[in-house]
**Q** 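To start, I am sharing the structure in question, which I have written as structure tokens.
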Amino acid sequence: MNETDSVKDTTEDMKLQYTTTLTALEGLDYAAAISDFAENQMVLDATRKSFAQVQDLSLFKYI
């Protein structure tokens, strides 16, 4: 009996999670999502370039 109740609760929790995820996907503002993605990509590219420049700054190059 307890096992059945546990499975039932788990199933209800999964249904709620799926419904929440589906609602979030259906309500997605594609323009905002693309804009956020482009902004994050630009920040990542800038970070990579900055790291490459900092990585080249080494005292061992001058010895």
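Heavy-atom basis, side chains included; hydrogens, waters and symmetry copies ignored. For this chain, numbers begin at 1 and follow the sequence in order.
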**Q** Look only at the side chain of T21 and the backbone of Q17, and say whether a donor-acceptor pair between them is shorter than 3.5 Å.
**A**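 Yes; judged by distance alone, with no hydrogens or angles, the pair exists.
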**Q** Is a side-chain donor or acceptor of S35 paired with a backbone partner of A31 at a separation under 3.5 angstrom?
**A** no
**Q** Please identify each residue that fulfils side chain to side chain contact (heavy atoms under 4.5 Å, CB included) with T19, with sequence neighbours left out.
**A**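 Per chain and number, T19 pairs via side chain to side chain contact (heavy atoms under 4.5 Å, CB included) with T23.
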**Q** To the nearest 0.5 Å, how far apart are CG in D9 and OG1 in T4?
**A**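 If we round to the nearest 0.5 Å, D9:CG and T4:OG1 are 11.0 Å apart.
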**Q** Say you draw a straight line from CG of L22 to NZ of K15; how long is it, rounded to the nearest 0.5 Å?
**A** 14.5 Å
**Q** Scan for salt bridge (charged side-chain N to carboxylate O under 4.0 Å, His left out) pairs involving residues 42-55, sequence neighbours excluded, and state none if there are none.
**A**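 Pairs touching residues 42-55 that pass the test: D45-R48.
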**Q** Take T47 and V43 through the test side chain to side chain contact (heavy atoms under 4.5 Å, CB included) and record every step on the way to the result.
**A** CA-CA 6 Å; T47 304; V43 169; 4.2 Å; yes
**Q** Which pairs with one or both residues in residues 23-41 pass salt bridge (charged side-chain N to carboxylate O under 4.0 Å, His left out), sequence neighbours excluded?
**A** none
